[in-house]
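Here is the structure we will look at.
We count ligands from 1, going down the list as the structure has it; atoms in each ligand are counted the same way. Because the structure is a prediction, the values reported are computed rather than measured.
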Amino acid sequence: MEPSNGSLLVVSAHAGDFVWRAGGAIALAARRGERATVVCLSFGERGESARAWREGRGLAEIKALRRAEAEAAAAALGADIRFLDAGDYPLVESPELTDRLVHVFRELAPTVVLTHTLADPYNGDHPAAARMALQARVLAQAIGYDAPGEPLGAPPVFFFEPHQPEQCDFRPDVLLDITPVFDAKRKAMECLPAQQHMWEYYTDLAKRRGVQLKRNASPNLGLPHSTMAEAYVRLYPQVTGELA
Ligand SMILES: [Zn+2]
């Protein structure tokens, strides 16, 4: 495989989010030989670990558990993972946390950025993570911002699919074919037993998005297929010399 200069950065509010919503994109980038890095702002220790709380575990134990699960999931996808341990429910926006993200942007020089939608009435941590990711991207572009590294270019930003897309104003304009890596995504999902109820849900979602991908790519011939896909919304305009 030819090495690639691509660098994918995923900014995830909680430890599991990147798996359900962007695992395919991460695995595809890794398989192309690109650097793929997940930054988890928290472990999802308070808000997305209900099973562990019901089992009577304590906060420190739950954080360690979620970290280990997320590390295993990232490894299954071929990604590096970092944890900023900023706390969840609520994930508090702050200049300090945004600055830490600016340092990550400068260090990794991502060529593509994935994060949450800016609206999510079910979970304020997700839009908070998105706002900080977008702000950090802009600050990292400023030559005068005090952080090591070169000013960031203009990596495109894609919002990954929230759990209840209609409520989050999520109308996909990108359908990504993840068929070749779906096995890796499923393995990564199975690294998260704390959220076992999500495995089939996100497998079914990939099938439905796959149907839509086929319909948008070719005539509707009603032929069977096994395409799996993830949906995204692109924030900034596509830049191109040719409409295609
Ligand atoms: Zn989450």
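Under 2.8 Å from the Zn ion (ligand 1) lies no N/O/S atom of D88, from backbone or side chain alike. Among the atoms of D17, an N, O or S atom falls under 2.8 Å from the Zn ion (ligand 1).
Nearest N/O/S atom of H126 relative to the Zn ion (ligand 1): this is NE2. Closest to the Zn ion (ligand 1) among the N, O or S atoms of E48 is OE2. Take the N/O/S atoms of H14: the one nearest the Zn ion (ligand 1) is ND1.
Close placement of the Y202 and H163 rings is indicated, their centers lying within 6.0 Å of each other. Between H14 and Y89, the gap from one ring centroid to the other is short of 6.0 Å. Between Y232 and F160, the ring centre distance reaches or exceeds 6.0 Å.
At a cut-off of 3.5 Å, with distance as the only test, a side-chain donor of T203 or R186 sits close to an acceptor on the other residue.
Ion pairing between a basic and an acidic side chain is recognised when a charged N comes within 4.0 Å of a carboxylate O; E161 and R209 show such pairing.
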